[in-house]
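Following: one structure in structure tokens, then a few remarks.
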Amino acid sequence: MKYQKLENQEAHWKWLYLIKKHREGENITTYEEKSLREDKVQQLITYQNKPQQIEEWIRHHLSPQLVIKLDQAIRARRKRFFNGEKQSTKKKSIDLEYAVWLRLSRYSRKMKMTLSETITYMIDERESKAQFESQMSAMKAGLKDLLK
């Protein structure tokens, strides 16, 4: 495993995930009866800062449909958490219009690069072009001075 598991942190993330799913109207328990379901959710809400009880609740009452989804969500959260610690691995996001993203995506596939690599390549190309243009201007000015 690449990322360290932090039991208390992950129990809190699980609690947040389950409460969010409940608020969205999803049944997070194995029970169909509404009163029993609400009772178990209220029990989970009281366990907010109790990692052992959260894990115990998950073992006994979590809906089977959410088991894999919960594991995937926690794995993704763990990855983002540890990657966010270092500047080099922290993800940044930018908003692009769809047409711009589509052109960039096509160009990236053509160049066999990631979107980030393609953007870096394009910036480097533009900077080298600007540097070349400034050198050419300086050479032209030097030639004009010589010819006077």
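These numbers come from a predicted model, not from an experiment.
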Next on the checklist: I'd like to know if the side chain of Trp15 reaches the main chain of Ile54, judged simply by a donor and an acceptor atom lying under 3.5 Å from each other, with no hydrogens or angles considered.
Outcome noted: no
Checklist entry - Going through the distances and angles, do Leu44 and Ile19 end up as a side-chain contact (heavy atoms from CB on, under 4.5 Å)? => result CA-CA 8 Å; Leu44 176 64; Ile19 297 303; 4.1 Å; yes
Next on the checklist: Please report the interatomic distance OG(Ser63) to CZ(Arg37), rounded to the nearest 0.5 Å.
Outcome noted: 10.0 Å
Item to check | Atom pair OG1/NZ of Thr118 and Lys112 - distance to nearest 0.5 Å | outcome: 12.5 Å
Next on the checklist: Tell me whether the count of non-hydrogen atoms from other residues, nucleotides or ligands lying under 6.0 Å of CD in Glu97 goes above 12.
Outcome noted: no
Next on the checklist: Over 60° means perpendicular and under 30° means parallel, so tell me whether His61 and Trp57 are parallel, tilted or perpendicular.
Outcome noted: tilted
Item to check | Separation of Lys140 NZ from Gln135 CD (nearest 0.5 Å) | outcome: 13.0 Å
Checklist outcome for this item: Taken to the nearest 0.5 Å, the spacing of Ile28 CD1 from Gln65 CD works out to 12.5 Å
Checklist entry - Taking the hydrophobic residues Ile, Leu, Val, Met, Phe, Trp and Tyr, and joining any pair whose side-chain heavy atoms are under 4.5 Å apart, which ones share a cluster with Leu36? => result Tyr31
Item to check | Evaluation steps, side-chain contact (heavy atoms from CB on, under 4.5 Å), between Arg77 and Leu16 | outcome: CA-CA 11 Å; Arg77 187 93 183 243; Leu16 289 172; 4.3 Å; yes
Next on the checklist: Quick one, Trp13 and Arg78 - any side-chain contact, counting heavy atoms below 4.5 Å?
Outcome noted: yes
Checklist outcome for this item: To the nearest 0.5 Å, atom OH of Tyr17 lies from atom CD1 of Ile74 at 8.5 Å
Checklist entry - What's the verdict on side-chain contact (heavy atoms from CB on, under 4.5 Å) for Lys21 and Leu18, showing C-alpha distance, side-chain angles and the deciding distance? => result CA-CA 5 Å; Lys21 287 291 182 187; Leu18 292 171; 5.5 Å; no
Checklist entry - So, are Glu24 and Lys20 salt-bridged, with charged N and O less than 4.0 Å apart? => result yes
Checklist entry - So do Asn8 and Pro51 actually touch side chain to side chain, heavy atoms under 4.5 Å? => result yes
Checklist entry - If we only count heavy atoms from C-beta on, is the Thr30 to Leu62 side-chain gap below 4.5 Å? => result no
Next on the checklist: By the definition side-chain contact (heavy atoms from CB on, under 4.5 Å), identify the one residue from Arg103, Lys110, Arg109 that meets it with Arg106.
Outcome noted: Arg109
Checklist entry - So which pairs with a foot in residues 52-72 pass salt bridge (charged side-chain N to carboxylate O under 4.0 Å, His left out), sequence neighbours left out? => result Lys14-Glu55, Glu56-Arg59
Checklist entry - Which heavy atom in Gln48 sits nearest to a heavy atom in His12, and how many Å separate them? => result O-ND1, 4.3 Å
Item to check | Connected hydrophobic set around Leu96, excluding itself, where side chains approach under 4.5 Å | outcome: Ile94, Tyr98, Val100, Trp101, Leu102, Leu104, Tyr107, Met111, Met113, Leu115, Ile119, Tyr121, Met122, Ile123
Next on the checklist: To the nearest 0.5 Å, what is the distance between NZ on Lys34 and CG on Asn27?
Outcome noted: 11.0 Å
Checklist entry - Does CD1 belonging to Ile68 count more than 12 external heavy atoms closer than 6.0 Å? => result no
Next on the checklist: Main chain of Thr114, side chain of Glu117: is a donor-acceptor contact present, judged purely on distance under 3.5 Å?
Outcome noted: yes
